[in-house]
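Before any comments, here is the structure.
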Amino acid sequence: MKIATWNVNSVRARLPRLVPWLQERQPDVLCIQESKVEDDLFPREPLEDEGYNIEVHGEKTYNGVAILSRYPMEAVAKGFPDDPPDASRRALSCIVKDMMILNLYVPNGQALGHPKYVDKLAWLDRLRAYLDQSFDPREKVLVTGDFNITFDDRDVWDPEGMRDGIHCSRPERDKLAQVMQFGLADGLRHFHEEAGIYTWWHHRGMGFQRGQGMRIDHFLLSDAALRCCTDIVVDTGARKGRNTSDHAPVIATFAE
DNA sequence: ATGGTGGGTTCCCCA
């Protein structure tokens, strides 16, 4: 089974890249972030035509998550249990086969000290509480999406310049570590230790062409999920050329 | 120190 995550930066704008990518890579499940569309305007038909069931939790203009799955999705849950009705749409979970999947779009945070940064840290506390409340670390649990946080210097093209920058600061990394302590491992690092594996590059200033990126899209796996995972790779090919997202997809493969 | 690009739907916000 192949499970992928991709911040598409608008699912409607990305359709001309997304549909051929699905045909080429044939993931069984795709977790989408930044769909940027209300649920009743989500482009269901061209994706259903590729053989996917679709669950959405979106909003106008900003944020939004969705899951495409060739297998039935059960126990679908939208947002956090304590979300107010107007909360930004950032979390969507379901069970596929025996895997609990949680798809996240973690707040960006903008800059250290910004009110959005404070919100980001608080949101990560609520994520940990949600895991404690609704997930079982002894089961196969897969938490994926755009975390907007790097783990360490290997994930950053300019670690010195970014030392206290957004996505790299100590408080963000500490909050991510707190989430991991639920019983989750950084899946990609189980297979690939080298520095310079990135999932995001700025659209500005030829970031991708210059190799100026960060690894901020992750697969966090419980022990049981990690045991049946055989590899996790970034599909940098999807970041090449025109009309791309600023993120590349990440693909995890599991033994059946 | 600043700006550069891209998406949405704004007369600017967000990443």
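Because only heavy atoms are used, hydrogens play no part in the values below, and waters and symmetry mates are left out as well, while side chains stay in. Since we're looking at a predicted model, the values are computed, not measured. First the proteins, then the strands, lettered A, B, ... as listed; each starts at 1.
B/dT5 and B/dA1 have their P atoms separated by 22 Å, given to the nearest Å. Comparing the same atom, P, in B/dT2 and in B/dG7 gives a spacing of 27 Å after rounding to whole Å. Comparing the P positions of B/dG8 and B/dG3 gives an interatomic distance of 25 Å, to the nearest angstrom. B/dG6 and B/dT10 have their C1' atoms separated by 15 Å, with the value rounded to a whole Å. Atom C1' of B/dT9 sits at a distance of 22 Å from the matching atom of B/dG4, rounded to the whole Å.
Within residues 238-249 of chain A, no residue has any heavy atom under 4.0 Å from DNA chain B. Taking every heavy atom of residues 165-179 of chain A and every atom of DNA chain B, no pair lies under 4.0 Å.
Closest non-hydrogen pair, A/V234 versus A/A248, comes out as CG1-CB, 3.8 Å. The shortest non-hydrogen separation linking A/F219 to A/I3 is CZ-O, 3.3 Å. The shortest heavy-atom contact between A/Y52 and A/D28 is CE2-O, 3.9 Å.
Among the protein residues, A/F208 comes within range of no part of the nucleic acid, since none of its heavy atoms lies under 4.0 Å from any strand. At a threshold of 4.0 angstrom between heavy atoms, the contacts of A/R210 with the nucleic acid are absent.
Salt bridge status for A/E172 with A/K120: present, with a side-chain N to carboxylate O gap under 4.0 Å.
Here the P atom of nucleotide B/dC14 and the CG atom of A/D119 are 12 Å apart, to the nearest Å. Look at CD on A/E34: it is 17 Å from P on B/dC13, rounded to the nearest Å. Atom C1' of nucleotide B/dG7 and atom CZ of A/R14 are separated by 8 Å, given to the nearest angstrom. Rounded to an integer number of Å, the gap from A/N7 CG to B/dG7 C1' is 11 Å. Residue A/N108 contributes atom CG, which lies 16 Å from atom P of B/dC13 at whole-angstrom precision. Atom pair A/N9:CG and B/dC13:P shows a separation of 18 Å (rounding to whole Å applied). The distance between atom CD of A/Q209 and atom P of B/dT5, rounded to the nearest whole Å, is 12 Å. With rounding to whole Å, A/Q110 atom CD is found 10 Å from B/dC13 atom P.
For A/R242, there are no side-chain hydrogen bond (donor to acceptor under 3.5 Å, both in side chains) partners, not counting sequence neighbours. In this structure A/W21 satisfies the side-chain hydrogen bond (donor to acceptor under 3.5 Å, both in side chains) test together with A/D235, sequence neighbours excluded. A search for side-chain hydrogen bond (donor to acceptor under 3.5 Å, both in side chains) contacts involving A/K36 returns A/N9, not counting sequence neighbours. Residues meeting the side-chain hydrogen bond (donor to acceptor under 3.5 Å, both in side chains) test with A/D98, sequence neighbours left out: A/K140.
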Contacts under 3.5 Å, N or O only, protein and nucleotides 9-12 of chain B:
unit_1	atom_1	unit_2	atom_2	d
B/dT9	OP1	A/T61	OG1	3.0

Would you list the protein and nucleotides 2-4 of chain B atom pairs, both N or O, that sit under 3.5 Å from each other?
unit_1	atom_1	unit_2	atom_2	d
B/dG4	O6	A/R204	NH1	3.4

Could you walk me through whether A/H218 and A/F151 pass the ring-ring contact (aromatic ring centres under 6.0 Å, His included) check? CA-CA 10 Å; A/H218 304 301; A/F151 281 96; 4.6 Å; yes
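The local environment of CD in A/E45 is sparse, with at most 12 non-hydrogen atoms from other residues, nucleotides or ligands closer than 6.0 Å.
Between A/K116 and A/M206, the residue anchored nearer the 5' end of DNA chain B, judged by the nucleotide with its closest heavy atom, is A/M206.
Listed by first and then second residue, the ring-ring contact (aromatic ring centres under 6.0 Å, His included) pairs involving residues 94-127 of chain A are A/F80-A/W123 (not counting sequence neighbours). The list of salt bridge (Lys or Arg N to Asp or Glu O under 4.0 Å) pairs with a residue in residues 52-63 of chain A, not counting sequence neighbours, is empty. Among pairs with a residue in residues 70-86 of chain A, those fulfilling salt bridge (Lys or Arg N to Asp or Glu O under 4.0 Å) read A/D82-A/R126, A/D83-A/R126, at least two apart in sequence or across chains. Within the structure, every pair that satisfies the salt bridge (Lys or Arg N to Asp or Glu O under 4.0 Å) test and touches residues 214-225 of chain A, not counting sequence neighbours, is listed here: A/D155-A/R215, A/D186-A/R215.
Aromatic ring centres of A/H203 and A/W201 lie farther apart than the 6.0 Å criterion allows.
Closest contact between the side chain of A/H203 and the listed nucleotides B/dA15, B/dG7, B/dT5 involves B/dT5.
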